[in-house]
Amino acid sequence: MHGPNDPPNDHGISRRDLLIVGAASFAIPHIAEAAAPSLARAEAAAIGVPIMSNVSFEVNGKTRDVAIDTRTTLLDALREHLHLIGTKKGCDHGQCGACTVIVGGRRINSCLTLAVMHQGETITTIEGLGTPEQMHPMQAAFVKHDGYQCGYCTPGQICSAVAVLDEVKAGIPSHVSTDLNAPPELTNAELRERMSGNICRCGAYSNIAEAITEVAGRKA
Ligand code: FES
Ligand code: FES
């Protein structure tokens with residue numbers, strides 16, 4: 001029944017019908033899947049039916065194409081679809097930095113962004129920086145300075161550190177930069193501020209700072 005406050009839409013489905021279908025789809029997903037072709041995309045989204053999309057981006061120098069649920073985070077796309085498990089899921093809420101990757105030269109928390117937002121972009125994960133045989137200078141410095149204990153935060157720390165040095169080189173100020181008209185220097189305060197989004201439960205901070213400082217060519 002469609003009342004005056006619940007008129008049918010173009011498909012002859014009222015809001016109440018949608019809610020009923022939504023509840024049914026929660027219990028019996030196959031029913032919702034069967035109904036999906038006849039529903040508009042917005043309606044399908046409203047009742048929780050996955051909307052798939054093809055996304056293509058360049059990951060670690062290779063073009064990768066994936067067909068994914070549009071709600072998939074970049075982190076899950078990398079780990080679950082491309083099997084690049086070097087990028088870690090810590091909090092999944094943008095608070096720990098374990099999922100840091102470099103997108104278009106800028107570091108981001110991959111748990112806070114949808115994969116479909118990065119169509120055509122260039123993504124670098126820890127696997128793209130170096131290999132055990134041929135490490136990126138930042139990876140080698142972390143090994144040399146013991147910049148980790150359990151290692152869970154380390155891929156994110158290293159991706160972040162690489163991007164931090166590029167930020168400083170590009171003259172991008174941080175919240176603690178005192179002179180916005182001069183290129184920032186990587187002082188201890190700048191380093192701590194810029195790496196503050198990467199949490200290490202093991203407390204390897206002093207060794208991490210030494211590693212980054214060495215790669216920056218600065219004495220600690
Ligand atoms: Fe992304 Fe913690 S997993 S910030
Ligand atoms: Fe264990 Fe950082 S090395 S969390």
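Note that this is a predicted model, so its numbers are computed, not measured. In each ligand, atom 1 is the first atom listed, and ligand 1 is the first ligand listed. Residue numbers run from 1 in the order of the sequence given.
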Neighbour count above 12 (heavy atom, 6.0 Å) for Arg71 CZ: yes
Atom CD1 of Ile172: over 12 foreign heavy atoms under 6.0 Å: yes
Tyr205 and Cys200, any side-chain heavy atoms less than 4.5 Å apart: yes
Pairwise side-chain contact, Leu186 with Val164, heavy-atom cut-off 4.5 Å (strictly under): yes
Leu165 side chain near Met138 side chain, heavy-atom distance below 4.5 Å: yes
Ile108 vs His118 side-chain heavy atoms within contact, under 4.5 Å: yes
Note, Thr125 side chain near Leu82 side chain (heavy atom, < 4.5 Å): no
Positive for side-chain hydrogen bond (donor to acceptor under 3.5 Å, both in side chains) with Ser160, one of Arg107, Arg194, Glu167: Arg107
pair Val59-Glu127: side-chain heavy atoms closer than 4.5 Å: no
Atom 2 (Fe) of ligand 2 neighbourhood, protein N/O/S only, threshold under 2.8 Å: Cys153 SG, Cys200 SG
Number of protein N, O or S atoms [distance to atom 1 (Fe) of ligand 1 under 2.8 Å]: 2
